[in-house]
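Worksheet for the structure shown next.
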Amino acid sequence: MIKKNISNLVVVFTLVLMLMPGVLYAQFEPSITIDDASTGETPQLIPEGNLDAVITPTTADTTGYDLLRYVYTWNNSKLALSDNDLGAGDTSVPHTAKIVISTDADAQFGTSDGLAWYLHVKTVYSTLPAAPGIALSEDTIAGPYTFDNVPPSATISLDETVDGQTADTTSVSPVTIAVTGDWSDITAVFVNTSGSFNTATAYDFTDPSTKTLTYPLAGTGSKTLYAWFEDAAGNISDAASVTFTVIAGKFMDPPEDLTLGIGNTRPFEIAGAGAESYTWTIVDAADGTTPSAAATVEAGAYTAVVTGVSDGTIKVKAETAGASPIYSGIITVEQLGYTITHSYKAGLNLVPFSLSGTGLSMASDLRGAIESANPGVSVSQIFGWDAANQRYQTAFVVFNGTGLFDFQLVEGASYFVQTDGAGTLNIQGSEYVSISVATGLNLLSAPYSKLNTLVMAADFDSELNTDTGLDISQIFGWDAVNQRYGTAYVVFNGTGLFDFSLDIGAQGYFVQLSGNGTYTP
C-alpha cells in the first residue's frame, strides 16, 4: 500500500511539473538565413540599409504546443544565451511561417572596427489548451558577421632615409614617401597630385612590412601629394597630404616602374647630368646590387639603352665617382607577345585558342581570318567542347555563305575547324590568364609561353596536376591528316603510358580531369 501511494504521488508531481509555467522542455529551435552579409572572420563593409534575417520555423511536430513569437538580439558573443540573457520579455517578432528580422545596419554596426557580430534567436512557445506554461527554445545563433566600417588612420611624409631627401625637400625622382599609421589595417594606398581619388595611382600594401612607396614627379618647385588608405573591408580614409619642394638634382629618367618586353629596348638617361660619366649596370630589383642577366645595357656617358633578355625584375643602376648610385624604378622583363601558326588540312582540324588580345572574339571572326589568309579556302563549321555537360557545343555553321549560331571564343580552349582545303593562319597575342576546368573531358590549349617546358603529354599532365591539384587520366589530340583522334596518353596506377610529343602552337588537346577547378598557366 505504501509503495502504491508513493507511485501515485510521483505521477501527480510529474503532471504538476508539466503544467507549471516555465517548466517546459527547450525545443522548437528555428533556422536563420542571412544573404546580405558573409559569415567568417574576414572584415566586410556593413550592408547599405537594413540587414535582413529570414527566420524559418522548426520542422518538428508541434502538436500540443502553441508557437507564439521569436525573441532576438544582436551581440558580440558566440556563446548561447541563457533565458536570463534572452528571455520571453525581450525584443520580439510574431511567429509566422517565415518572417524577416530587419536590422538598421548603420545604427547597429556603424562603429564596428573589425568586431564579430552574432544574431541570437529563440522561439517562445506554450502548451495547449489550458493553463499554458511559457518556455523558450535553445538559442539559435547566426554568425560571426565581421563588420568594419572604420577606415585606417595614417599620414604620409618624405622618407628622410633616402639620399637626396629631407623632411621638406627632394632632389630625386621618383620621390619616396613614408606611410605612418595603421600598417596592419592598410591593404592599399592611393596617391595623386590633384587631390582627386578617382585618378589616383594604387599601391599594394597587403604585405605588413611595406611602409614606403615611390611616386614619379616631373619638374621642380613646390609639390603636394595626397594619399588615401584602404583596409581589407574596403573602407577608404579621407585624404592625407604632404607638401615639399623638388629641387634641381640628378635622377633616372624615366623614373617610374615599367614593363619591358623580351627583345624590346628602352632608353634611360640621368636627368640633370653635367660633364660626369656614369657606369651602367643591370641589377636585381630585390637588393639593388646583385647583377642580373634578365636584360643587357649599352651605355654612353649619361645615357643607356636597355634590352630585355629573359623574365625577371631588375633595376638600372648608374654610378659616378663621389656620388651615391642612381636607380631606375622596378623594371619587369617579360614576354609581351607571341605569334602562333595554325596549320589546316582539308577536313576537321583541332586548333588552340591560347592567346588573348588576338582581335578574334567570335567563331565568325576566326572564320573570317582563316578565309582572308587563305584565298579559295572556305570554313564550313567551328565547334568546341562543353566540359560542364560533357558534350560537343552547338556548331557555328556556314550555310550558303552565311554564318549561323555564332558563339564567343574562350581563351585557353581549343576548337574544331572544318575547312575544304589546306592553309595556315598566324595569330598574335599574349598568354591567356586562366581557364575553368570541369570533371571529365576538357578541350584545352597548352600555354604557348611554356613551349620549351611542355614538350610531352606527360609534361602537360605534371603541369596541370601541380597547378590545379587534380588528377589527369588521359590526354589526346586529333590527327587531321587521317581525320581521327590521336592515340591517348593514359595514366594507369600512377604511371603514364603511350607518351607523345606536343605541338602546342598548332594543336589543341582533350584532357580528362578528376574534378572542377581553374588552370592558371
Side-chain angles (χ1 to χ4, degrees), residues 42-46 48 110-115 146-259 271 285-286 288 313 315 324 326-332:
T42 302
Q44 61 187 306
L45 294 176
I46 64 171
E48 295 184 3
T111 58
S112 293
D113 189 5
L115 283 176
T146 306
F147 295 117
D148 184 353
N149 208 41
V150 180
S153 176
T155 59
I156 57 173
S157 60
L158 289 185
D159 185 354
E160 297 180 63
T161 66
V162 174
D163 288 343
Q165 290 192 174
T166 67
D168 52 17
T169 66
T170 181
S171 61
V172 296
S173 183
V175 62
T176 300
I177 298 298
V179 177
T180 304
D182 296 338
W183 290 312
S184 60
D185 292 340
I186 296 172
T187 58
V189 178
F190 301 85
V191 182
N192 204 349
T193 56
S194 69
S196 171
F197 174 79
N198 291 334
T199 57
T201 301
Y203 292 83
D204 184 1
F205 264 63
T206 52
D207 183 346
S209 66
T210 303
K211 295 179 173 60
T212 62
L213 59 89
T214 57
Y215 191 87
L217 289 169
T220 60
S222 180
K223 309 286 183 180
T224 299
L225 286 181
Y226 300 86
W228 297 261
F229 312 101
E230 184 178 26
D231 62 19
N235 297 296
I236 298 175
S237 70
D238 293 334
S241 65
V242 59
T243 299
F244 52 90
T245 301
V246 178
I247 59 178
K250 299 177 178 65
F251 60 89
M252 189 75 72
D253 187 20
E256 68 272 8
D257 295 348
L258 54 87
T259 299
T313 52
K315 288 184 177 182
S324 298
I326 299 174
Y327 292 92
S328 69
I330 296 175
I331 302 170
T332 302

Minimal heavy-atom distance between L213 and V189, with the atoms involved, is CD2-CG1, 3.8 Å
Scan side-chain atoms only and decide if T243 and T224 contain a donor-acceptor pair under the 3.5 Å cut-off.
-> yes
Distance col, row K315:NZ vs I326:CD1, nearest 0.5 angstrom, shows 13.0 Å
Between Y215 and Y203, does the side-chain contact (heavy atoms from CB on, under 4.5 Å) criterion hold? Intermediate values first, please.
CA-CA 10 Å; Y215 191 87; Y203 292 83; 3.2 Å; yes
Output for pair (I330 CD1, T313 OG1), nearest 0.5 Å, gives 7.0 Å
message = Any donor-acceptor pair under 3.5 Å linking the side-chain atoms of N198 with those of S196?
response = no
**Request:** Step by step, work out the side-chain contact (heavy atoms from CB on, under 4.5 Å) result for I177 and L158.
**Result:** CA-CA 5 Å; I177 298 298; L158 289 185; 3.8 Å; yes
In terms of heavy-atom contacts, T212 and A178 come closest through CG2-CA, 4.2 Å
Between the CG atom in N192 and the OG atom in S241, the distance rounded to the nearest 0.5 Å is 12.5 Å
Rounded to the nearest 0.5 Å, the CG atom of N235 sits from the CG atom of D185 at a distance of 9.5 Å
Checking T187 against F205 for the side-chain contact (heavy atoms from CB on, under 4.5 Å) test, could you report, in this order, the C-alpha distance in whole Å, the side-chain angles of both residues, the deciding distance, and whether it holds? CA-CA 5 Å; T187 58; F205 264 63; 5.8 Å; no
To the nearest 0.5 Å, atom CG of D253 lies from atom OG of S328 at 11.0 Å
Query raised in the report: Backbone N or O of G329 within a donor-acceptor pair of the D257 side chain at under 3.5 Å?
Result: no
In short, T199 meets S194 closest at the heavy-atom pair OG1-OG, 4.0 Å
Within the structure provided, determine whether D204 and T210 are in side-chain contact (heavy-atom separation under 4.5 Å).
no
Q: Give the C-alpha distance, both sets of side-chain angles, the deciding distance and a yes or no for side-chain contact (heavy atoms from CB on, under 4.5 Å) between F244 and V242.
A: CA-CA 7 Å; F244 52 90; V242 59; 4.0 Å; yes
In short, E160 meets T166 closest at the heavy-atom pair CG-C, 3.7 Å
Which of parallel (below 30°), tilted (30 to 60°) and perpendicular (above 60°) describes F197 and W228? perpendicular
For the side chain of Q165 and the backbone of D159, is there at least one donor-acceptor N/O pair under 3.5 Å apart? yes
Heavy-atom closest pair (P216 atom, P255 atom, distance to 0.1 Å) is CB-CG, 3.9 Å
ask   = Is there a side-chain contact between T176 and T161 (heavy atoms, below 4.5 Å)?
value = no
- Query: Heavy-atom distance under 4.5 Å between the side chains of T146 and L115, does that happen here?
  - Reply: no
**Beyond-backbone contact of E230 with I186, side-chain heavy atoms, under 4.5 angstrom** = no
Between the OG atom in S112 and the CD atom in Q44, the distance rounded to the nearest 0.5 Å is 10.5 Å
If we only count heavy atoms from C-beta on, is the I156 to F229 side-chain gap below 4.5 Å? yes
Review point. Does a side-chain heavy-atom distance below 4.5 Å link V175 with L225?
Key: yes
Main-chain N/O of S184 paired with D182 side-chain donor or acceptor, under 3.5 Å:
no
Close side-chain approach of P43 and D231, heavy atoms under 4.5 Å: no
Got more than 12 heavy atoms from elsewhere within 6.0 Å of CG, D238? no
